[in-house]
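Here the structure is laid out as structure tokens; the discussion comes afterwards.
Side-chain atoms are counted along with the backbone in the values below, which use heavy atoms only and exclude waters and symmetry mates.
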Amino acid sequence: MNSFMYPMTEREILTEDHGLLDEITFRFKAAVLIVIRFFKNSTHYRTARFSTGHRLKNEQVISVSETDLWNTDDTELNWILTAGKIQNLRIAAKQLHGTEVPANEVFSFWKHIGAPVTRRGYVIGREIREGCIVPAVAGGLCQLSNALYDNAVKAGFEIIERHKHTRVVKGSLAEVDRDATVKWNYIDLRFRSRNDFRIETELTADQLLVKFKSTSRNGVHETPLKKVTTSILNDCYSCGNFECFKHPKKIQKKEQASSTTFVLDGKWSEYDEYVKSITGAKDHFILPGKLSTISRSLKTRVLNKLKRNVFSTSLELDRQVAKKIIKRIPIESTHLVVSQNLLPFLWEEGALGGRTFDVLMTRLPMEKLHERLDHARARYPQSPTLSDFRADAHLVDLENAALTKARNIITPHQEIADIFKNKSVNLNWKYPANSIHRKESGTKILFPGSSLARKGAYEMRQLAVELKFSVKVLGGALEEPSFWNGMSVEKAGADPFENVGLVVYPVYVEHQPRVLLKAVSAGIPVVTTTASGLRESEYVTIVPTGDYDALKRAVVKRLHL
């Protein structure tokens, strides 16, 4: 994990007047307290570590604590300490999120966080020691313990152990006597409730949010909160666009040493051009190594031949890549530009907390992808292929949460851009240079995909039967071996556009319409659906996805032009 090494002169400035004698005194006191803590823990102060769960996930929120991550008064030296603090909070908050504590059991901060050492990813942050602010590994965790204590008081919990800070930092909960200092492994925060409760933590771009959920506050029965069902991707409440002028908590923070990190996977010419246009001198690039890319490609091909769920497997491979990439993100990066396939795993690991981020979209959101496939399966229940491209519900929730909080959604795909409305950055598709010189209009009709239901093969077959034309097919995969039996079908050769006068693509799922772009570049008209991601133009006719009647009318019109 990235750490920040300070020259000795800067250390002296940051530690103020905390000299050698103060350090010796501090170490001596700490040693004594550690011994005392050991004996207490061995007798009547024993605590347990509680597991994460989902039993209380849908209970009402009984208390909330919101504190700012960034300090607008920081100097440049202090700013990097604040960035280190936020990195430490990312790690610790992930340890706590989802913890469910049984009634009358004592919750211990350190029992759940564990030793905050560098091998676990903790970096130098800001710590209050003997009244001084000093740089220290894992410094800044008190913001989390403060929030826990604040919530415990609001919820009426019994406080077993709590210690005040020796100095009040401007903007902290210490200003309202809601602070709780902690120090491994002798100064702890401990409390308990008469009811089961759940801890949830989140780092937004600007704040640390800590919530407690339970059936009721201690001694006070609450009316359950009304649950509102809504699309997480589409409403103003959850749009996650913190730059929007309507957002009530938009704040400005100093970023004296901040930078952008581009976490990229895969190569699209549209994104290459976009990234070049926004890159600054201090920015960083992180890409999977060549060996990782080759390994993923080989595993995917093998599983494809074995007819396994390639999408599900590729997601698991993406998870492995994301975990390696997280360790390379500099702590001073306050903004990330992330490839979509890595997004849910970066969110799950907490790497996006305390940062703004944009997403380079490479496909439909998983929730929308499932809806589209379900729609196609309702029309063609006999299809053996429409169970592909499925992810488990947990991953769908992770991706939705991350997309909701993303600052911008970057895409050349028109359908994806339309989903996100106010925060989409709609790029132009890059049309290839025309290398096809047609002497005259062709007579054949090209289906530019494999003969699969999600590519519109059933619609294409019905069109060919009703309009009595032969089909030139580009892809090799089939719904079933007998799919085109009794029909005039030609396999496309080295030049798929040879003697082609019209391209018809009734697709349900298409994320990179490269063949369509080549056709348009060659002046060949295209009839396709909104799922292709193209915009309507002189050569492109767009019909609603799954609307066969509109498709047939558009094809007939093109054939008779």
Side-chain angles (χ1 to χ4, degrees), residues 1-7 10 68-87 90 123-125 203-206 240-245 247 250-289 321-322 324-343 346-347 350-362 402-403 405-412 417 420 422-428 430:
M1 186 66 68
N2 295 286
S3 60
F4 188 87
M5 301 303 294
Y6 299 93
E10 293 182 3
D68 292 336
L69 292 172
W70 299 96
N71 185 350
T72 55
D73 297 322
D74 270 346
T75 64
E76 188 164 352
L77 293 179
N78 280 331
W79 186 91
I80 198 66
L81 286 181
T82 301
K85 173 199 75 172
I86 293 171
Q87 173 61 21
R90 289 184 188 110
V123 299
I124 294 173
L203 272 72
T204 69
D206 301 304
N241 189 347
F242 291 98
E243 300 303 311
C244 175
F245 72 95
H247 198 277
K250 180 181 176 183
I251 64 171
Q252 299 294 329
K253 62 176 178 284
K254 293 182 180 179
E255 297 184 358
Q256 294 95 331
S258 65
S259 63
T260 294
T261 293
F262 295 86
V263 183
L264 307 178
D265 191 20
K267 188 175 179 62
W268 285 33
S269 55
E270 293 83 6
Y271 292 143
D272 289 346
E273 190 172 287
Y274 172 76
V275 167
K276 287 177 183 177
S277 72
I278 63 172
T279 302
K282 296 187 293 182
D283 294 342
H284 307 269
F285 286 82
I286 301 177
L287 296 90
V321 170
K324 293 177 181 178
I325 281 176
I326 287 170
K327 298 178 180 179
R328 297 161 57 191
I329 301 174
I331 63 171
E332 65 269 23
S333 284
T334 58
H335 181 68
L336 302 182
V337 178
V338 181
S339 291
Q340 182 190 4
N341 62 306
L342 302 176
L343 180 70
L346 296 178
W347 180 266
L352 303 177
R355 295 175 166 124
T356 56
F357 58 96
D358 297 341
V359 184
L360 304 180
M361 296 293 284
T362 52
L403 289 172
K405 295 298 174 68
R407 188 185 69 175
N408 290 312
I409 300 297
I410 318 297
T411 181
F420 293 93
N422 66 315
K423 61 179 180 180
S424 64
V425 177
N426 205 172
L427 307 180
N428 292 319
K430 287 187 70 66

| query | After noting the C-alpha distance and the side-chain angles of I80 and E332, does the key distance pass the side chain to side chain contact (heavy atoms under 4.5 Å, CB included) rule? | reply | CA-CA 7 Å; I80 198 66; E332 65 269 23; 3.9 Å; yes
- Please walk me through it: do L81 and I124 pass side chain to side chain contact (heavy atoms under 4.5 Å, CB included)? CA-CA 7 Å; L81 286 181; I124 294 173; 3.9 Å; yes
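Legend: residues meeting side chain to side chain donor-acceptor pair (under 3.5 Å) with T261, ordered by chain and number and at least two apart, are S333. Applying the salt bridge (Lys or Arg N to Asp or Glu O under 4.0 Å) criterion to K276, with sequence neighbours excluded, gives no partner residue. Residues passing the side chain to side chain contact (heavy atoms under 4.5 Å, CB included) test with T82 are W70, D74, K85, I86, R126, sequence neighbours excluded. Residues forming a side chain to side chain contact (heavy atoms under 4.5 Å, CB included) with T279 (at least two apart in sequence, or on another chain): F262, V275, D283, F285.
Checked by atom type and distance alone, the side chain of Q340 pairs as donor or acceptor with a backbone atom of T362 at under 3.5 Å. Here the side chain of K405 pairs no donor or acceptor atom with the backbone of T204 at under 3.5 angstrom. In this structure, the side chain of E270 does not engage the main chain of N428 through any donor-acceptor pair within 3.5 Å. A distance-only check finds a donor-acceptor pair linking the side chain of Y271 to the backbone of M361 [under 3.5 Å]. Without hydrogens or angle criteria, N408 side chain to V425 main chain gives no donor-acceptor distance under 3.5 Å.
Nearest approach of G84 to V123, heavy atoms of both residues: O-CG2, 3.5 Å. The nearest pair of heavy atoms linking R355 to A351 is NH1-O, 2.6 Å.
Across L342, I326, L264, I325, a single residue satisfies side-chain contact (heavy atoms from CB on, under 4.5 Å) together with I286, and that is I325.
Here the side chains of V338 and L346 are in contact, with some heavy-atom distance below 4.5 Å. Residues L203 and R90 form a side-chain contact, since some pair of their non-hydrogen atoms from C-beta on lies under 4.5 Å apart. Side-chain atoms of I329 and L336, non-hydrogen and from C-beta on, do get closer than 4.5 Å to each other. For the pair L403/F420, a side-chain contact is recorded, criterion being any heavy-atom separation below 4.5 Å from C-beta on. In this structure, T411 and Y274 have side chains that are not in contact, with every pair of non-hydrogen atoms separated by 4.5 Å or more. Looking at heavy atoms from C-beta onward, D206 lies out of side-chain contact with L69 at the 4.5 angstrom threshold. You'll find the side chain of T260 stays beyond 4.5 Å of the side chain of H284, heavy atoms only.
Side-chain contact of H335 with R407: a donor-acceptor pair under 3.5 Å is present, judged by distance alone.
In this structure, CG in L360 is found 8.5 Å from CG in L427, a value given to the nearest 0.5 Å.
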